[in-house]
Amino acid sequence: MAPQNRRPSSKAFEKIEIVRNEYDECVDGLRQIYRDKVFHVEQLCRYVEMHGGSFRDAEFLAKPFVLLLGQYSTGKTTFIRYLMRKDFPGARIGPEPTTETFSVIRHGNQDSTIPGHTLVAENGPFRDLSKFGDGLMGKLVGIYTNASILEMLTFVDTPGILSGKKHTNSRDYDMGGVIEWLCKKADRIIVVFDALNLDIPDEFQDVVNAMKNNMPKVRILLNKADQVAGQQLMRVYGALLWVLTKMIGTPELPKVYIGSYWDKPIKGSDEERGSAFDTRKLFKREQEILFQDLKSIVRHSALSKLDMLTRRVRAVRAQSILVNSIKNEMPLLFGKTEKKHEIIQRLERILLDIENKHQVLRTDFNIPVDEMRRRLLAIDFGGFSTISQKNMGILTDVLETDLPYVMTAIRADNFK
């Protein structure tokens, strides 16, 4: 009898159209709230001069993305192909280091690829990768293909982690810096290990360091597990946990999934069937849990964007109150420079008064007092505009009405 194709059926992500519509509606609502109600006040209180750039549409509308990390030949690219149920442009699979690029795999009606410089010029979520220079641009590629899972998620495939300083030093870009940037931006990080080869390469410690501030997003995949007999698999699993504990430096480890993700039938001896070591049942259950975790990324991404905007509105409100406080103290004609320095010296006291009178948290200002002093020195206080009660009321309405409404939509049953 011919082997059955193991690629997941369309039912594996059966509610993807409903979820996509709900997600698009929610994040577009957040974008409109920011553009229609927050952006104007942000400009009036000169928030950008204190805290950096305004939000771009892409920061709201970009699909959540899954980052794949691991040594070469652990099955990262094959895992993506398995989820997509098809091949995609540029996919190279083999026992030797095959994936030499950072591949951003997104939905498109036709198969196509674009080079790194074009990808970062799109004003999308990967624009800031340009700061890593031409060395990375030559190893960055955007891939478009038509797969249902890509309607909801973007995948980023990465070069295999290498062994030996001679190899790692040969990269003409900052691998650790790129991984750290991707880990910060990713909605889920999946680190793939080969059950047949748990040798940890030198470069992996750099990857661990890049992930440390993003551990809640990390999942571990022990792949090719059907190549190992049941009892031996438990030993491999234990060895992996021991290695991860040593490298991460904490006993609280990410969730570890066990399985074999390719389109071939799962291996397993007849003696194991129905026994305590019937790994086929284990792999099936692990796959179901992993798929549920992938589907949950959409909801978590919407919540993350909601949290991002909530923190931004609170910061703009705090900045606006500070600006009004400064404006009220500034003289109309003479002594502006002296008064500016006096205000900056009394900044700690001013912030305490704002906290007490306006129910503002110190964390709403987002930066330490000393850094705030430094940034205020570079700003012309004479250019501050009074933030009207109407505009302050708009920010309050956003926090008390608009954003809770979006939260209700995200929590709805049809957003699962």
Side-chain angles (χ1 to χ4, degrees), residues 48 52-59 61-74 76-77 80-81 87-94 96-108 110-145 150 153-192 201-214 217:
V48 171
S54 299
F55 283 149
R56 305 190 302 269
D57 285 352
E59 293 180 76
L61 303 180
K63 294 173 184 174
F65 82 84
V66 180
L67 176 65
L68 275 294
L69 299 171
Q71 194 176 5
Y72 70 86
S73 195
T74 55
K76 301 186 300 297
T77 304
I80 296 173
R81 188 176 69 171
D87 292 318
F88 57 90
R92 297 174 58 203
I93 297 168
E96 73 286 351
T98 50
T99 302
E100 300 175 347
T101 61
F102 289 86
S103 301
V104 178
I105 306 164
R106 300 189 285 189
H107 183 267
Q110 294 182 336
D111 288 356
S112 63
T113 61
I114 58 173
H117 283 291
T118 304
L119 178 66
V120 300
E122 290 181 336
N123 198 32
F126 300 97
R127 185 180 72 171
D128 292 340
L129 283 174
S130 60
K131 69 182 180 181
F132 293 101
D134 289 341
L136 175 64
M137 293 301 99
K139 298 293 185 181
L140 180 66
V141 62
I143 297 173
Y144 294 89
T145 191
L150 296 181
L153 299 173
T154 292
F155 289 89
V156 178
D157 197 5
T158 59
I161 300 167
L162 301 175
S163 298
K165 293 297 182 184
K166 180 180 178 181
H167 292 95
T168 60
N169 291 340
S170 67
R171 300 192 194 273
D172 54 354
Y173 57 89
D174 179 8
M175 177 72 166
V178 175
I179 294 297
E180 184 174 6
W181 188 93
L182 289 170
C183 286
K184 181 180 178 180
K185 298 293 184 180
D187 295 273
R188 181 71 77 242
I189 304 164
I190 299 180
V191 187
V192 185
D202 304 333
E203 204 173 36
F204 188 74
Q205 187 60 58
D206 295 334
V207 172
V208 170
N209 294 337
M211 294 191 305
K212 277 188 175 178
N213 293 327
N214 300 279
K217 298 188 287 187

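All values derive from a computational prediction rather than experimental measurement. Heavy atoms only: backbone and side chains are in, while hydrogens, waters and symmetry mates are out.
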Practice problem: Please list all pairs passing the side-chain hydrogen bond (donor to acceptor under 3.5 Å, both in side chains) test where one or both residues lie in residues 136-145, with sequence neighbours left out. | Solution: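 The answer is Lys86-Thr145, Arg106-Tyr144, Asp111-Thr145, Glu122-Tyr144.
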
[atom1] of [X] to [atom2] of [Y]: how many Å apart, nearest 0.5 Å?
| X | Y | atom1 | atom2 | answer |
| --- | --- | --- | --- | --- |
| Leu182 | Ile189 | CG | CD1 | 9.0 Å |
| Asp87 | Thr77 | CG | OG1 | 11.0 Å |
| Met211 | Leu67 | CE | CG | 9.5 Å |

Practice problem: Check side chain to side chain contact (heavy atoms under 4.5 Å, CB included) between Ser130 and all other residues, then give those that pass, not counting sequence neighbours. | Solution: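 Once residues adjacent in sequence are excluded, the partners of Ser130 under the side chain to side chain contact (heavy atoms under 4.5 Å, CB included) criterion are Val120.
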
Exercise. Sequence neighbours left out, what passes side chain to side chain contact (heavy atoms under 4.5 Å, CB included) with Lys212? Give chain and number order.
Key: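 With neighbours one apart ignored, the set is Val208, Asn209.
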
Quiz prompt | Residues forming a ring pair (Phe, Tyr, Trp, His ring centres under 6.0 Å) with Phe126, sequence neighbours excluded | solution =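 Ring pair (Phe, Tyr, Trp, His ring centres under 6.0 Å) check on Phe126 returns Phe65.
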
Self-check item: Backbone N/O of Ile143 and side chain of Thr113: donor-acceptor pair under 3.5 Å
Solution: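 No, the answer is negative, given that no donor and acceptor are paired below the 3.5 Å cut-off.
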
Practice problem: Could you tell me whether a side-chain N or O of Lys76 sits under 3.5 Å from a main-chain N or O of Val192, the two making a donor and an acceptor? | Solution: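 Judged by distance alone, no pair lies under 3.5 Å.
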
Self-check item: Beyond-backbone contact of Ile80 with Ser103, side-chain heavy atoms, under 4.5 angstrom
Solution: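 They are not in side-chain contact.
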
Quiz item: If we only count heavy atoms from C-beta on, is the Leu129 to Phe102 side-chain gap below 4.5 Å?
Solution: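 No, too far: nothing below the 4.5 Å cut-off.
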
Exercise. Locate the shortest heavy-atom distance separating Gly124 from Ala58; write the atom from each residue and the value.
Key: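 Reported closest heavy-atom pair: CA-CB, 3.7 Å.
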
Quiz item: What is the minimum heavy-atom distance between Leu136 and Tyr173, and which atoms define it?
Solution: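 That closest heavy-atom pairing would be N-CB, 3.8 Å.
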
Quiz item: Residues in salt bridge (Lys or Arg N to Asp or Glu O under 4.0 Å) with Asp134, at least two apart?
Solution: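 Applying salt bridge (Lys or Arg N to Asp or Glu O under 4.0 Å) to Asp134 gives none.
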
Exercise. Only pairs at least two apart or in different chains count here, so list each salt bridge (charged side-chain N to carboxylate O under 4.0 Å, His left out) that has a residue in residues 180-191.
Key: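 Checked against salt bridge (charged side-chain N to carboxylate O under 4.0 Å, His left out) - neighbours excluded - the pairs reaching residues 180-191 are Arg188-Asp293.
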
